[in-house]
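Each ligand, and each atom within it, is numbered from 1 in the order the structure gives.
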Amino acid sequence: MHALIIGGGVAGPATAIALQKAGITSVVYEAYPSGADERGAFLSLFANGIDALKAIDAHEPVLERSFSGSRIEFTTSAGKQLATARLDRDVHGDLPGPRILKRADLCEALQGEAVRRGIRVERGKRLAFARRTPAGRIVATFEDGTMDVGDFLVGADGIHSVVRRSIDADAPAPRYTGEDVVCGYARKAPVLAPPETFRMIYGKRAFFAFLTTPGGDTWWFTNISGMDGSATALSRDWKRLALERVRADVDPATDLIEATGDDVIGIRVYEMASTPIWHAGSMIVVGDAAHPASPNAGHGAAMALEDSVLLAMCLRDLPDIPKAFGRYEQLRRERVERLVATSAQMRKRAIPAPLQRVLRDFMLPRLLKNGPRNAAPWLTRHHIDWHEKLAAQ
Ligand SMILES: Cc1cc2nc3c(=O)[nH]c(=O)nc-3n(C[C@H](O)[C@H](O)[C@H](O)COP(=O)(O)OP(=O)(O)OC[C@H]3O[C@@H](n4cnc5c(N)ncnc54)[C@H](O)[C@@H]3O)c2cc1C
């Protein structure tokens, strides 16, 4: 069997690596010509994401490019510490807690690993549409007019997936949440976070988080809501917008943002409670193409990696493509939709009303008072055993 994989982000190269381990060849098609085109945000890869990578022996290059962010501190804008927590270790306890890295570095590590294993990764190839031949194969047509044919096609093409629409022309579009995340990378910051620690500050009008890399740079992000979502809003100065939002509210956010040069980006936040149809014939969507979640729970990439491994296992163990896709959906749908819902709730709670704020500041230390605690074990303690044989159900 031979697969066409659309998207060279997180799920695309991970799926290619997992399929190869399952004995299936593939080629990855990525729209952007080079890795530098999309700088993107930084992210935390929790234990379940590392576990999924371990299932396909692809964790080392990601560990090499990332650093540990295993402590979290919650403070108010007045500097009052609400709580601290140690985040989970991986399910086997033999790796440090969440790993922090830029999304672009994660994609590059996975693409590099795919290429090292002999998988073809084609850049600068944007899928225009895909269709099924009468014989049941899939033809992918790219915007440059070229085509390729495979036995099946995996849409790992992210939030605004073309494959999702090729599968179901009536698929709902992802919803802009009204929020944007502004991320910045400061070289010489006036304030440093303690080693391996994510400092999260709940202000009255803004939520601000930062951490310091082992090299001494400080990475930060803040959520901005209430923009109009129009194209003009996109072109505004994100740094100025972030400053306007945090000024006179969250300390030391103003100093950190002011100390940041041009390395500031803004990203629209989309989510989709449910994608009704994940597969049709020999086409399927994985990762954000199937279940875009707001980033608040910090698990979109980890879920994309879990998807990649489980899809390959289904194709390895089930007798044909429709059965494999059906089993994959059975295994994944409930979990990923729960993530989307959880993340949406977290998003709404990030900037609470004054009364809720008092309640939160009262409850948080009590919830975390027993030391190391995992607020969402169902998310992070998810283990995939590559050797488990999957049966149809
Ligand atoms: C601000 C922010 C913070 C986040 N923080 C976290 C976090 O802490 N932890 C976490 O786990 N996740 C986090 N996420 C989510 C995470 O980045 C995504 O869930 C993850 O990248 C999804 O991977 P993917 O491969 O499905 O999609 P993507 O990473 O979006 O990759 C899709 C790829 O497909 C390509 N593509 C698109 N259309 C086409 C086409 N027509 N033809 C060819 N190629 C195409 C794109 O160029 C892209 O490279 C965050 C996201 C944001 C925005």
With atoms numbered from 1 as shown, which atoms in ligand 1 lie under 4.0 angstrom from a non-hydrogen atom of [X]?
| X | value |
| --- | --- |
| Ala41 | 1 (C), 2 (C) |
| Val162 | 41 (N) |
| Val10 | 21 (O), 23 (O), 25 (O), 29 (O) |
| Gly287 | 26 (O) |
| Ala302 | 11 (O) |
| Leu43 | 5 (N), 6 (C), 7 (C), 8 (O), 9 (N), 13 (C), 17 (O) |
| Pro295 | 2 (C), 3 (C), 4 (C), 50 (C), 51 (C), 52 (C) |
| Gly7 | 33 (C), 34 (O), 35 (C), 44 (N) |

Quick one: which of [options] has a heavy atom closest to [atom]?
| atom | options | result |
| --- | --- | --- |
| atom 16 (C) of ligand 1 | Ala301, Gly155, Gly266 | Ala301 |
| atom 32 (C) of ligand 1 | Ala130, Gly298, Ala156, Ala304 | Ala156 |
| atom 36 (N) of ligand 1 | Asn223, Asp157, Leu339 | Asp157 |
| atom 41 (N) of ligand 1 | Leu127, Val28, Asn296, Ile5 | Leu127 |

Under a 4.5 Å cut-off applied to non-hydrogen side-chain atoms, are [X] and [Y] in contact?
| X | Y | result |
| --- | --- | --- |
| Val163 | Ile284 | no |
| Val246 | Phe207 | no |
| Thr141 | Asp148 | no |
| Asp151 | Ser282 | no |
| Pro172 | Thr275 | no |

Taking heavy atoms and a distance under 4.0 Å, where does [X] meet ligand 1: side chain, backbone, both or neither?
| X | result |
| --- | --- |
| Tyr29 | backbone |
| Arg126 | both |
| Met303 | neither |

Please name all residues satisfying side chain to side chain contact (heavy atoms under 4.5 Å, CB included) with Thr260, sequence neighbours left out, ordered by chain then number. Ala186, Trp220, Val264
Enter the distance from Ile267:CD1 to Trp238:CH2 here, rounded to the nearest 0.5 Å.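 These two atoms lie 9.0 Å from each other.
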So, does Glu143 sit close enough to ligand 1 that a heavy atom of it is under 4.0 Å from the ligand? no
Does ligand 1 have any atom sitting under 4.0 Å from a heavy atom of Gly49? no
Backbone or side-chain N or O of [X] under 3.5 Å from ligand 1 N or O:
| X | value |
| --- | --- |
| Ile159 | no |
| Ile6 | no |
| Ala289 | no |
| Val181 | no |
| Tyr32 | no |
| Leu45 | no |
| Cys107 | no |

Measure from NZ or CZ of Lys102 to the centre of the six-membered ring of Trp219, then state whether that distance is under 6.0 Å and the direction lies within 45° of the axis.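 Relative to the ring axis of Trp219, which defines the angle, Lys102 lies inside both limits.
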Tell me whether Lys80 forms a cation-pi arrangement with Phe74, defined as NZ or CZ under 6.0 Å from the six-membered ring centre and within 45 degrees of its axis.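 Lys80 over Phe74 ring: no.
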Do Tyr270 and His160 make the cut of ring centroids closer than 6.0 angstrom? yes
CZ (Arg187) with more than 12 external heavy atoms under 6.0 Å: no
Is it the case that atom NZ in Lys21 sees more than 12 heavy atoms from other parts of the structure closer than 6.0 Å?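 Buried by this count: over 12 neighbours within 6.0 Å.
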Does His299 have any ring-ring contact (aromatic ring centres under 6.0 Å, His included) partners at least two apart in sequence or in another chain, and if so, which?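 Phe46.
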Charged N to carboxylate O under 4.0 angstrom, Glu30 versus Lys125? no
